[in-house]
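The structure under discussion appears below in the form of structure tokens.
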Amino acid sequence: MSYRAGRHFLQIPGPTNVPDRVLRAMAQPTIDHRGPEFKALGRELLDGVREVFRTTRPVVIYPASGTGAWEAALVNVLSPGDRVLMFETGHFATLWKQIAERLGLDVEWVPGDWRRGVDPAQVEAHLQEDRGHAIKAVCVVHNETSTGVASRIPAIRHAIDHARHPALYLVDTISSLGSIDYRHDEWSVDVTVGASQKGLMLPPGLSFNAVGGKALAAHGRATLPRAYWDWSPVLAANEKGFFPYTPATNLLYGLKEALAMLREEGLPQVFARHARHAEATRRAVRAWGLEILCADPREYSASITAVMTPPGHDADRLRKVVLDRFDMSLGVGLAKLAGAVFRIGHLGDLNDLSLLGTLAGVEMGLRLSAMPVAASGVEAAMRHLEERARPA
Ligand SMILES: *Cc1c(COP(=O)(O)O)cnc(C)c1O
């Protein structure tokens with residue numbers, strides 16, 4: 001392959017573009033993970049990472065993809081045969097459900113049409129029906145990366161409380177952490193699952209469990225087999241800044257830098273930036289005359305927009321044209337959305353002009369693949385970005 005000048009546009013909803021500052025931070029020599037220098041790094045990070053989860057409680061950091069942290073969340077608080085309430089919001093919710101099933105949990109699966117988030121009223125109805133409290137956990141994907149639909153986490157918390165049900169609340173924030181407002185403590189979430197390669201602007205390879213007090217108590221009683229994922233030895237070693245195995249030291253250097261960047265920009269500003277870019281993207285999609293997959297405006301995702309292509313027009317052909325001609329990767333339609341949807345990732349290290357470059361690439365791709373384009377989406381997005389100033 002010959003050199004392609006300029007930077008590849010990685011506009012999939014994760015992994016996201018890794019900023020130069022993070023790449024440089026990771027290029028430091030690996031150190032002794034049992035030495036004093038690591039101890040200081042470990043302490044600083046284990047403390048600092050709590051900020052993005054908005055928690056004062058422990059956050060377990062695994063050298064694993066997000067899938068590992070999904071498994072960890074389940075095996076640490078549940079026992080064989082426990083019933084868990086899960087919702088078919090899209091591909092990622094379905095994958096988490098499959099893990100639960102393979103672990104021997106009894107999944108109460110609420111079907112969905114992949115265009116809506118979790119309905120708090122449905123949560124309440126299922127819990128109210130469960131008078132014997134057989135349901136031990138409610139598992140929700142905050143931002144369904146396959147559909148661009150964000151479930152309303154505080155409203156679901158309220159529904160659980162309203163049903164007076166003791167189930168644990170487990171939330172996957174893998175594609176919302178660091179891009180959409182999220183508050184582990186304030187929303188009384190028991191386990192929050194996160195990963196490095198989306199809003200946190202890191203390469204893939206780290207994932208997280210933020211652990212609340214009620215989850216820690218459940219951990220003491222839970223009997224699903226657990227070894228590598230067991231919180232106990234990790235939390236014990238973390239007390240001194242260490243890990244019970246060799247940590248992914250260089251990714252941790254990157255995490256330190258990413259946390260510094262999020263702190264410098266300020267989380268409220270980070271969320272406002274994502275919301276503004278998401279709105280500009282939706283205006284572009286509407287101007288093109290295409291349909292946004294998310295059916296409920298209250299649930300629009302600020303980190304990814306899934307766009308439906310008109311019947312008879314293959315979304316994968318569009319993605320191929322955009323990749324070949326403009327060196328940009330767009331998100332594929334997953335599972336039952338294959339060919340019918342393409343996804344624009346607008347999360348992580350992104351500014352106005354990188355978003356406009358992205359939208360320009362999509363617009364040219366639409367025309368080149370002979371899709372009907374009503375008007376310029378780039379123009380509509382530019383108008384929005386001009387009118388709505390960048391958050392200070
Ligand atoms: C990306 C993603 C995952 C899967 O994480 P991996 O790192 O690929 O294992 C799970 N849930 C959501 C919401 C995601 O966006």
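Just so you know, ligand 1 is whichever comes first in the structure, and atom 1 is the first atom listed for that ligand. Position 1 is the first residue of the sequence, and the numbers go up from there. The basis for the numbers below is simple: all heavy atoms, side chains too, and nothing from hydrogens, waters or symmetry mates.
- What sits closest to atom 8 (O) of ligand 1 on the protein, heavy atoms only, is Gln197 NE2, 4.0 Å.
- Taking the six-membered ring where tryptophan is involved, the planes of Trp114 and His91 are tilted, since the angle between them lies from 30° to 60°.
- Of the heavy atoms in Ser65, both backbone and side-chain atoms come closer than 4.0 Å to ligand 1.
- Summary of contacts: the protein heavy atom closest to atom 4 (C) of ligand 1 is Phe92 CE2, 3.9 Å.
- Between Pro111 and Glu88 the shortest heavy-atom distance is CA-OE1, 3.4 Å.
- Salt bridge absent: Glu279 and Arg276 never bring a charged side-chain N and a carboxylate O closer than 4.0 Å.
- Thr145 OG1, 2.4 Å is the protein heavy atom nearest to atom 15 (O) of ligand 1.
- If you check which protein heavy atom lies closest to atom 11 (N) of ligand 1, you get Asp172 OD2, 2.7 Å.
- Atom 2 (C) of ligand 1 has its closest protein heavy atom at Lys198 NZ, 2.5 Å.
- Every atom of ligand 1 with a heavy atom of Val141 under 4.0 Å away is listed here by number and element: 13 (C).
- Ring centroid separation for the pair His274 and His346 does not come in under the 6.0 Å cut-off.
- Salt-bridge check for Arg7 with Asp20: passed, with a basic side-chain N closer than 4.0 Å to an acidic carboxylate O.
- Taking every non-hydrogen atom of Thr67 and a distance limit under 4.0 Å, the qualifying atoms of ligand 1 come out as 5 (O), 6 (P), 9 (O).
- Taking a cutoff of 4.0 Å between a charged side-chain nitrogen and a carboxylate oxygen, Arg115 and Glu291 qualify as a salt bridge.
- Residue contacts with ligand 1: Asn143 is placed with no nitrogen or oxygen under 3.5 Å of a nitrogen or oxygen of the ligand (distance criterion only).
- Between Arg83 and Asp106 there is a salt bridge, since a side-chain N of the basic residue sits under 4.0 Å from a carboxylate O of the acidic one.
- In His142, neither the side chain nor the backbone holds a heavy atom less than 4.0 Å from any atom of ligand 1.
- Ring centroid separation for the pair Tyr182 and Phe271 does not come in under the 6.0 Å cut-off.
- Residue-level proximity to ligand 1 for Val193 is absent, since no heavy atom of it falls below 4.0 angstrom.
- In terms of protein heavy-atom proximity, atom 6 (P) of ligand 1 is nearest to Gly66 N, 3.4 Å.
- With a heavy-atom cut-off of 4.0 Å, Trp70 touches ligand 1 through its side chain alone.
- Outside the 6.0 Å centre-distance limit, the rings of Phe208 and Tyr62 are not counted as a close aromatic pair.
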